[in-house]
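To start, the structure itself, in C-alpha cells.
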There are 2 protein chains.
Amino acid sequence: MSDYIYPVARLIESFRRLPGVGSKSAARMAFGVLEMSEADAEEFRAAIKGVKEDVHRCSVCCDLCDGDKCAICSDPERDGGMICVVEDPRAVSALERSHEYNGTYHVLGGVISPMNGITPDKLNVKELIARLNGDVREVIIATNPNIEGETTAVYLSKLIRPLGVKVTRLAYGVPVGADLEFADSETLARALEGRREF
Amino acid sequence: MSDYIYPVARLIESFRRLPGVGSKSAARMAFGVLEMSEADAEEFRAAIKGVKEDVHRCSVCCDLCDGDKCAICSDPERDGGMICVVEDPRAVSALERSHEYNGTYHVLGGVISPMNGITPDKLNVKELIARLNGDVREVIIATNPNIEGETTAVYLSKLIRPLGVKVTRLAYGVPVGADLEFADSETLARALEGRREF
C-alpha cells in the first residue's frame, strides 16, 4: 500500500482488518472517508467508540445488548419456555426477521471447532445449561447447517436431553424462492427425507 | 436496521455512507469492529481523524499529500516537462504502479458532467493551465475511457493545444492478459484502429 500517502495507507490498513475486506475495497472506503463531511467522519469515529464502550453481553442469553439484559430477555411477552440456540448475534437478527418465533435465544458465541482450538468451554454452554430450570420446555438448536454447526448441535443435544428437556433442530430443505436446479444434492436429499404431507 | 441494538445500528449507518457498501457488508464490518481489539479500534478511529486532518491537496498538481507539495512534485528526478492529467488520486497510484512514467501528474478532481452539475470551473482546470509555462512540452490526458472522460479529454485538448503544448491521449486497445473473446466490440475496433507494426 506504499502507493498511498501515509494517512491514507494507515486508514486502508484499518479497513483491511475487517472481515471480508480486500485491498481494493479498503482503498475505496478510505477514499470514501476522505470525501465524507467532517461531521460524518466525526460520527463514524463516535460510532466505533460507541460499539466498543456501550455494547455488552446480555446476562441471560449472551446476545449483544446495551444494558444488562437484552430487549428479548426483558420482554414479558416472549415465551421463556423456549430457547433457540444460535452461533452469533447475527443469527438472532435473521430469525427475528422471520417473525415466526416468540421464544427466547441463547448465543453460543461460536461453534465447536477443535482445529481452531474452540472447545465447548470456550462457548457460552454453561450459561445455557444454567438456564435449563424447570420452566424450559424446548431447546431449538439453530447452529449453521455445516459440519461444525452439526457437531455442536449433536454435542448440545446429548448434553441437554438427559435433563428432560425436548431438543429440536431447524428443518433442512430447499430454500424458499430458490431454483431446484441449483440446489446441491445433499440439500435435496434432506428435503426429500423431511418431506411433509399436504 | 432496527434489528440491531443502537450502538451497532449506528455504526452500520456510518459504514453504509461509504461508497459501494450495502447493508449486509456494513453489518459484517460493524460486527468486525465489535470483535476487534480495543487497540485496533482506537487505531481505526485515529486513522479516520488522520485522513481528515493531515491530508491536503498538493499546491502544484492537486493530488493528495500530507505536506504542501506531493512526493512526485517535490522529486527533482521527475520530468516536469510532462504532465499526465487524471481524474482522481487513485489513477495516479495506478499509473505509478506501471513504473512506465517519469513525468508529473495533474489531478482534475473529477470529469466534466453537466448532468451532475460538474462544469470545468468545478475541476482543477485553471491550476493545470497555470502550470503550462514554457517548460511543459507535453500533456498526456489519462481520463477514464468512458463518455465523460472523453468529453473532458476533448475539452482539455481544445484548451491546451492553442498554447503550443503537445496534447496526447492514452492508447486504447485490448487489456494485456485479457481474452479477445470477451473484449467488447468498441475496444476491438479501437485496438484495430491503433494497431502497430512489429
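Letters A, B, ... mirror the listed sequences (proteins, then strands); counts begin at 1.
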Go through Thr104(A) and Arg131(A) one step at a time and tell me if the side chain to side chain donor-acceptor pair (under 3.5 Å) criterion holds. CA-CA 11 Å; Thr104(A) 60; Arg131(A) 292 175 68 184; 3.1 Å; yes

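Contacts of Tyr6(B) with chain A are made by both backbone and side-chain atoms, with heavy-atom separations under 4.5 Å.
Side-chain contact between Lys166(A) and Ile160(A): absent, with no pair of heavy atoms (C-beta onward) separated by less than 4.5 Å. Inter-residue side-chain proximity for Thr151(A) and Val111(A) is flagged as unmet; no heavy-atom pair is nearer than 4.5 Å.
Ring geometry for Phe15(A) against Phe44(B) counts as perpendicular: the plane angle is over 60°, on a 0 to 90° scale with 30° as the lower cut.
For Arg16(A) and Glu13(A), the salt-bridge test fails: no basic side-chain N is under 4.0 Å from an acidic carboxylate O. No salt bridge links Glu35(B) with Arg17(A); every basic N to acidic carboxylate O contact stays at or beyond 4.0 Å. Between Glu43(B) and Lys52(A), none of the side-chain N atoms (NZ, or NE/NH1/NH2) sits under 4.0 Å from a carboxylate O, so this pair counts as no salt bridge.
The most heavy-atom pairs under 4.5 Å with chain B, out of Gly20(A), Pro19(A), Pro89(A), Gly50(A), come from Pro19(A). Contact tally against chain B (heavy-atom pairs below 4.5 Å) for Val92(A), Leu34(A), Asp54(A): the top residue is Leu34(A). Each of Val21(B), Val8(B), Asp40(B) has some count of heavy-atom pairs under 4.5 Å with chain A, and the biggest count is that of Asp40(B). The residue among Gly32(B), Ala30(B), Ser14(B) with the most heavy atom pairs within less than 4.5 Å of chain A is Ser14(B). Per-residue counts of heavy-atom pairs under 4.5 Å with chain A were compared for Glu42(B), Glu96(B), Arg45(B); the largest is that of Arg45(B).
Results of the side chain to side chain donor-acceptor pair (under 3.5 Å) test with Glu87(A) over Thr143(A), Asn144(A), Thr152(A) single out Asn144(A) as the only residue that passes.
Applying a 4.5 Å heavy-atom cutoff, the residues of residues 58-77 of chain B that approach chain A are Leu64(B), Cys65(B), Asp66(B).
Arg169(B) and Pro145(B) get closest at one heavy-atom pair: NH2-CA, 4.2 Å.
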